[in-house]
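Following: one structure in C-alpha cells, then a few remarks.
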Amino acid sequence: MPNWLLPENIADVLPSEARKIEELRRLMLDNFRLYGYELVMPPLLEYVESLLTGAGKDTEQRTYKLIDPMSGRMLGLRPDMTTQVARIDAHLLNRDSVTRLCYAGSVLHTHPSGLHATREPLQIGAEIYGHAGLEADAEIQELALASLAMAGFPDVRLDMSHVGVLRAIIAEDEAAKKDEAALSALLRAKDCPGLAERTANYSEATRAALMALPNLYGDIDVLTRARDVLPALSGVTKALAELAALAGSALGRAEVAIDLADLRGYQYESGAMFALYVPGLPNAVARGGRYDHVGEAFGRARPATGFSLDLRELARLLPTAERKHSIRAPWGNAPELREQIAQLRKAGEVVIQSMPGHDDEQDEFECDRVLVLEDSNWILKNLG
C-alpha cells in the first residue's frame, strides 16, 4: 500500500478549502463573541469515563479508545465537544450565573455520520448554561440560523422535535418505561410493525399515543393535529407549546418542519431538539437542543442548551457571495489599509489575502473582496 494513502473518510484540507474553513471559523467565533459567548479549548483526549458521561450509546460507539502509557487508564479521542464544555462549566468555572461558552476544534469518529461525511469534522458550537427558560433555547436556535445566514445560506430547513412528548406518554406505564431506549429507536426508524409488536402489552392509551407519533410530521400545523390525537398530559402539552413558540420564532427565516418521532440524541437531550439542513447536503449541517442532565456526573447539574455544526461540510457547499466595489491602498499606507480591512470585517464582509497568479475567480469564489499583493501595492480587487 502506498505510504501517502489516508484512511477511508479521512482527508487533507488543501489551500482553497482551508481558507474557506478558516474564514468561516473566524466569522462565526467573532459573532459568538458579540452575543457574549466566551471561547474555551477542551483537550483532544481525556479519560473515557469523563468524555462519555451522559453522552449515550451512539456516542460511545463513535469514540476511538486507547490506553494511556503513563497511567494505564483508558483514554478516548473526543467524538463531540459538548460534554467537555459541560464539564468545564460544572467543574472548572463553577459559576452560579448564566454562562455562555463557545468552541471550535477537530473531533474524531470511528464511522462517518452520513453519506460522504468525514470522520474528522471540524466542530464549532455554542452553549448556554444556567438558564432553564425557553429564552435560552430561542437564543441558541437564532444563533444557529444566524451562523448559516452569515456563511451565505439563505435557504435553510429547520427540523424540530421534543423528547418530552415520548417521556410524558410512557411516564405512567411501567412496561413502556422499561422499553424507553427501544421505543426511541423504533420511532426514529418509523418502524410501525416493530412498534406495534413492542407495544402489544402496554395500556391502550399508551399504545395508541405511541402508534400515532410516526405519522405526526410535516409543517407547523402538525402541532394542531398532535393536540387532537395525543393524550392531554401536562408533559405533552408543555412540549407542544414549546415547539410552537420556537417554530413561530423561526418562521420567515427558515422552512420549519416538525417530526415528533425524530428522536436522534434521545438519551442525550432533555427538551426541544432541532436540526438544520441546507441544499446540496443530505445530512444535517447543524444540530442542537436542550440537555439539562449532562453535568450531573461532574457534580453540578445545570440547565443547558446549545448547538454545533461541521465547518468542513459547510465550506464544501459555500455559495458564491455577492461582489462589492473595489478599494485601493498603496503599500506605504499600511495603517490606513489595515483600518479599511478592519472596517470590512466589522461589517461582516469576508476578506482573504491572496497572491498574484492565482485563478481568483475559481479559488476565492466565496469572498466579498480579495486582498492581492501586486507590484508593491495592496489592492482590494473587485472580482465581479
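In this text, all values refer to a predicted model and were calculated from it rather than measured experimentally. When reading the values below, keep in mind they use all heavy atoms of this one structure, side chains included, and skip hydrogens, waters and symmetry mates.
For K177, there are no side chain to side chain donor-acceptor pair (under 3.5 Å) partners two or more places apart in sequence or in a different chain. In terms of the side chain to side chain donor-acceptor pair (under 3.5 Å) criterion, T63 has no residue partners (sequence neighbours excluded). Every side chain to side chain contact (heavy atoms under 4.5 Å, CB included) that A284 has, sequence neighbours left out, goes to A275, Y277, R287. The side chain to side chain contact (heavy atoms under 4.5 Å, CB included) test applied to D179 returns L183, R198, Y202, not counting sequence neighbours. With sequence neighbours excluded, the residues that form a side chain to side chain donor-acceptor pair (under 3.5 Å) with E142 are Y35. A search for side chain to side chain contact (heavy atoms under 4.5 Å, CB included) contacts involving I67 returns M74, not counting sequence neighbours. Residues forming a side chain to side chain donor-acceptor pair (under 3.5 Å) with D173 (at least two apart in sequence, or on another chain): S203, T206. By the side chain to side chain contact (heavy atoms under 4.5 Å, CB included) test, P303 pairs with A132, R290, D292, sequence neighbours left out.
Between K20 and E17 there is no salt bridge, since none of the side-chain N atoms of the basic residue sits less than 4.0 Å from a carboxylate O of the acidic one. A salt bridge links K190 and D259; the closest N-O separation between the charged side-chain nitrogens and carboxylate oxygens is under 4.0 Å. Note on R207 versus E204: no salt bridge recorded, every NZ/NE/NH1/NH2 to OD/OE distance being 4.0 Å or above. We find that E22 and R26 are joined by a salt bridge, their nearest charged nitrogen and carboxylate oxygen being less than 4.0 Å apart.
Distance check: L240 CG to L216 CG gives 9.0 Å after rounding to the nearest 0.5 Å. The structure places CZ of R157 at 14.5 Å from CZ of F274, a figure rounded to the nearest 0.5 Å. Distance check: S249 OG to E135 CD gives 11.5 Å after rounding to the nearest 0.5 Å. With rounding to the nearest 0.5 Å, the separation of OG1 in T305 from CE in M273 is 11.5 Å. Taken to the nearest 0.5 Å, the CG atom of L251 stands 9.0 Å off from the CG atom of L158. Going from atom OG of S161 over to atom CG of L260 covers 5.5 Å, rounded to the nearest 0.5 Å.
Hydrophobic clustering (ILVMFWY, side-chain heavy atoms < 4.5 Å, transitive): M41 and I21 are in one cluster. L122 and I10 fall into different hydrophobic clusters, defined by Ile, Leu, Val, Met, Phe, Trp and Tyr side-chain heavy atoms under 4.5 Å apart, directly or through other members. In the hydrophobic clustering of this structure, Y217 does not group with L223; members are Ile, Leu, Val, Met, Phe, Trp, Tyr whose side-chain heavy atoms approach within less than 4.5 Å, directly or through other members.
Counting Ile, Leu, Val, Met, Phe, Trp and Tyr side chains that sit under 4.5 Å apart, directly or through other members, L77 shares a hydrophobic cluster with L44, L45, Y47, Y64, L66, L75, L108.
The two residues L246 and Q141 have their closest heavy-atom pair at O-NE2, 2.9 Å. Heavy-atom minimum distance, H131 versus A136: O-CB, 3.8 Å. When all heavy atoms of L317 and P279 are compared, the pair lying nearest together is CD1-O, 4.1 Å. Summarising the geometry of G248 relative to I220, their closest heavy-atom pair is N-CD1, 4.2 Å, with the distance given to 0.1 Å. The shortest non-hydrogen separation linking P79 to T59 is CG-CG2, 3.6 Å. In this structure, L29 and A104 approach most closely via the heavy-atom pair CD1-CB, 4.3 Å.
N9 places a side-chain N or O within 3.5 Å of a backbone atom of A117 that can act as its donor or acceptor partner. Side chain of D219 to main chain of D221: a donor-acceptor pair is present (N/O by atom type, distance under 3.5 Å, no hydrogens or angles). A side-chain donor-acceptor contact under 3.5 Å links R312 to the backbone of E120. A donor-acceptor pair under 3.5 Å is absent between the side-chain atoms of S308 and the main chain of G288, judged by distance alone.
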Can Q84 and V40 be said to form a side chain to side chain contact (heavy atoms under 4.5 Å, CB included), step by step? CA-CA 10 Å; Q84 294 185 297; V40 293; over 6 Å; no
Full working for side chain to side chain contact (heavy atoms under 4.5 Å, CB included) between F153 and V285: CA-CA 11 Å; F153 293 90; V285 71; over 6 Å; no
Verdict with reasoning, K238 to E242, per salt bridge (charged side-chain N to carboxylate O under 4.0 Å, His left out): CA-CA 6 Å; K238 180 176 182 289; E242 289 181 354; 2.7 Å; yes
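Within the 4.5 Å cutoff, no side-chain heavy atoms of T83 are placed close to those of L52. I169 is listed as a side-chain neighbour of V165, based on a closest heavy-atom distance under 4.5 Å. Between L148 and V278, some side-chain heavy-atom pair lies under the 4.5 Å cut-off. Annotation: side chain of V156 is not in contact with side chain of E255 (no heavy-atom distance under 4.5 Å). Using a 4.5 Å heavy-atom threshold, the side chains of L230 and L213 count as touching. Residues L187 and L166 meet the side-chain proximity criterion, which asks for heavy atoms closer than 4.5 Å. Contact check for S147 versus F307: side-chain heavy atoms found under the 4.5 Å cut-off. Side-chain atoms of T118 and D310, non-hydrogen and from C-beta on, do get closer than 4.5 Å to each other.
Heavy-atom neighbours of K65 NZ from other residues, nucleotides or ligands within 6.0 Å: above the threshold of 12.
Side-chain polar atoms of H109 and R119 form no donor-acceptor pair below 3.5 angstrom. Inspection of the Q123 and D80 side chains reveals an N or O donor paired with an N or O acceptor under 3.5 Å.
Sorted by first and then second residue, the side chain to side chain donor-acceptor pair (under 3.5 Å) pairs involving residues 224-233 (not counting sequence neighbours) form an empty list. Applying the side chain to side chain donor-acceptor pair (under 3.5 Å) test to residues at least two apart or on different chains, the pairs with a partner in residues 66-79 are E49-R73, D68-S71.
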Distance-only check: which donor-acceptor pairs under 3.5 Å involve side-chain atoms of residues 85-103, not counting sequence neighbours?
unit_1: R87; atom_1: NE; unit_2: E46; atom_2: OE1; d: 3.2
unit_1: R87; atom_1: NH2; unit_2: E46; atom_2: OE2; d: 3.1
unit_1: D89; atom_1: OD1; unit_2: R302; atom_2: NH2; d: 2.9
unit_1: D89; atom_1: OD2; unit_2: R302; atom_2: NE; d: 3.2
unit_1: N94; atom_1: OD1; unit_2: R300; atom_2: NE; d: 3.1
unit_1: R95; atom_1: NH1; unit_2: E38; atom_2: OE1; d: 2.6
unit_1: R95; atom_1: NH2; unit_2: E38; atom_2: OE1; d: 3.3
unit_1: R95; atom_1: NH2; unit_2: E38; atom_2: OE2; d: 3.4
unit_1: T99; atom_1: OG1; unit_2: S97; atom_2: O; d: 3.4
unit_1: T99; atom_1: OG1; unit_2: R302; atom_2: NH2; d: 3.2
unit_1: R100; atom_1: NE; unit_2: E139; atom_2: OE2; d: 2.8
unit_1: R100; atom_1: NH2; unit_2: E139; atom_2: OE1; d: 3.1
unit_1: Y103; atom_1: OH; unit_2: E127; atom_2: OE2; d: 2.8

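Taking the six-membered ring where tryptophan is involved, the planes of F32 and Y37 are tilted, since the angle between them lies from 30° to 60°.
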